[in-house]
Amino acid sequence: MNELLQQVRIIDPVSGEDTIADVWIANGAIAQIAPEIADWGSDTQVRNCQGLILGPGLVDLYSHSGDPGFEERETLTSLMQSARSGGFTQVAILPDTSPPVDNPGGLAFLQQKVQGIKTLNDLLPPPTPSLPKLHLWGGLTLGIKGEQMTELAELEASGIVGFADGQPIADLALLRRILEYLQPWGKPVALWACSRKLAGDGVVREGTASIRLGLPGNPAIAETSALAALLEIVAATGTPVHIMRVSTQRGVQLIESAKAQGLPITASTSWMHLLVNAAEINNPGLFTPYCPSLHLEPPVGNPQDQQALIAGVKSGVIDAIAVDHTPYTYEEKTVAFAESPPGAIGLELALPLLWQHLVTTEQLSPVELWRGLSSNPAKCLQQTPVAIAPGTAADFTLFDPQQSWRVTGESLKSLSRNTPWLEREITGRVVEVWC
């Protein structure tokens, strides 16, 4: 059905515009944008969109699927439903499934599962909501263990979006060989800079807060020493790299310096590192004290890390905001903070909470936030973002920044509930998605 969105606020990170207009969507594309549209087809549904926001569909650079291997955490179906509910029209899945996507056979198996889900969805009676597109990262090393490179050429030819392990590669000689090997292909390569040995058993960023909390500290140099080495290898090989999970103030500084020197890098941080710092882990006014869903990897940073990351997104030093959706079952997460597996879900929560905490407080503009969640992640995946204009295919998110809702097991599409906002009221909800 065609739709007319009357007086909707259009946020377009490609053109940088933030305007209010009527938008007529016909036959799956924008037919017209005008201050006021007076003539539309008889088969058009008219919607009053005053107070609502229309922006490009959100793009998540990296998240985890429980399927295959851990379907009790998340299936591919629930993952896509969760992503759509949160406004995401594209999600890139890391290869650490079971079995991992480290060979063309494993990749083909996952591709077939995704296609089967979409085929069944298309057979449902209308109205059937379209599902987001899933991109699949191919593993850099066998078993995602960081010890031996995969058959990179075979994976590259099999339809992956790019290469990533989602885990740090400690062997710098191996990392150099991988980047040299990948250099001619120009596929996206995503790497996480982290020294496991320096991190030790740390579960929160080392500093005053970790001491007060009585939790093992993970020093900032666990990230920055590995990042400095990675940047040197990038400089030597010339292979473009995306740096995942930047979480420290010094990390932002190193990336800013490297970009100023012309190194071919992009960078992202996780949405939760923009919202939470270590000092808030034991703040009953915000979260359940020592909530295991605040145990993340990399760990929650100190307040200065959080502010540096926000400033990095605003300035463009940090190109993209990733969700890093990491589902776990109730039994896995309901243990002591330091004993819990690191990670939290976020596909349904990232946009409303980032808007609520960063846009309404004017730390980020609406265009800056939407750019970090849509057009810039698309660029990191080597896609060309398209402005919201007549002729553009319908790939949009309609968002109500004022709608309040309670985060519960019933309101979430994800099978997992590991979020510190569970059973809490939040403001902002996606109304509709065109995939």
What do you reckon, is [atom1] of [X] surrounded by more than 12 foreign heavy atoms closer than 6.0 Å?
| X | atom1 | answer |
| --- | --- | --- |
| Arg212 | CZ | no |
| Glu425 | CD | yes |
| Gln356 | CD | yes |

Measure from the side-chain N and O atoms of [X] to the backbone N and O of [Y], and report whether any donor-acceptor pair falls under 3.5 Å.
| X | Y | value |
| --- | --- | --- |
| Asp305 | Gln249 | yes |
| Thr237 | Ile233 | yes |
| Thr89 | Cys435 | no |
| Thr392 | Ala387 | yes |
| Arg371 | Gly16 | no |
| Ser315 | Gly312 | yes |
| Arg417 | Ser414 | yes |
| Glu280 | Asn277 | yes |
| Gln167 | Ile144 | no |
| Arg429 | Phe399 | no |

Task: ring pair (Phe, Tyr, Trp, His ring centres under 6.0 Å) pairs, two or more places apart, involving residues 268-310 - done: Trp271-Trp421, Phe287-Trp421, His295-Phe337
Open item on the list: Quick test of your reading: applying ring pair (Phe, Tyr, Trp, His ring centres under 6.0 Å), list the pairs with at least one residue in residues 225-270, sequence neighbours left out, ordered by first then second residue.
Closed with: none
Task: Set of residues satisfying salt bridge (charged side-chain N to carboxylate O under 4.0 Å, His left out) with respect to Arg245, sequence neighbours excluded - done: Asp324
TODO: Return the set of residues passing salt bridge (charged side-chain N to carboxylate O under 4.0 Å, His left out) with Arg196 (not counting sequence neighbours), or none when no residue passes.
DONE: Glu297
Task: CA sep, side-chain torsions, deciding dist, call: Tyr328, Ser340, side chain to side chain donor-acceptor pair (under 3.5 Å) - done: CA-CA 10 Å; Tyr328 284 106; Ser340 64; over 6 Å; no
TODO: Pick out which of Gln183, Arg177, Arg176 makes a side-chain hydrogen bond (donor to acceptor under 3.5 Å, both in side chains) with Glu180.
DONE: Arg176
Task: Sidechain N-carboxylate O distance under 4.0 Å for Asp319, Lys259 - done: yes
Task: side chain to side chain contact (heavy atoms under 4.5 Å, CB included) between Leu134 and Leu79, worked out - done: CA-CA 10 Å; Leu134 289 188; Leu79 179 77; 4.3 Å; yes
Identify every side-chain donor-acceptor pair in residues 224-232 under 3.5 Å, counting partners at least two apart or on other chains, and give the distances.
from, atom 1, to, atom 2, distance (Å)
Thr224, OG1, Ala220, O, 3.3
Ser225, OG, Ile221, O, 2.5

- [ ] Could I get the full list of ring-ring contact (aromatic ring centres under 6.0 Å, His included) partners for Trp185, not counting sequence neighbours?
- [x] Tyr181
Task: Step-by-step side chain to side chain donor-acceptor pair (under 3.5 Å) determination, Gln81 to Ser85 - done: CA-CA 6 Å; Gln81 291 173 340; Ser85 178; over 6 Å; no
- [ ] Say whether Glu206 and Ser210, considering side chains only, have a donor N or O and an acceptor N or O under 3.5 Å apart.
- [x] no
Open item on the list: Can you confirm whether the side chains of Ser257 and Gln261 place a donor and an acceptor under 3.5 Å from each other?
Closed with: yes
Task: Trace of the side chain to side chain donor-acceptor pair (under 3.5 Å) decision for Asp102 with Thr150 - done: CA-CA 6 Å; Asp102 62 354; Thr150 57; over 6 Å; no
Task: Check: Leu182 and Met149 side chains under 4.5 Å, non-hydrogen atoms - done: no
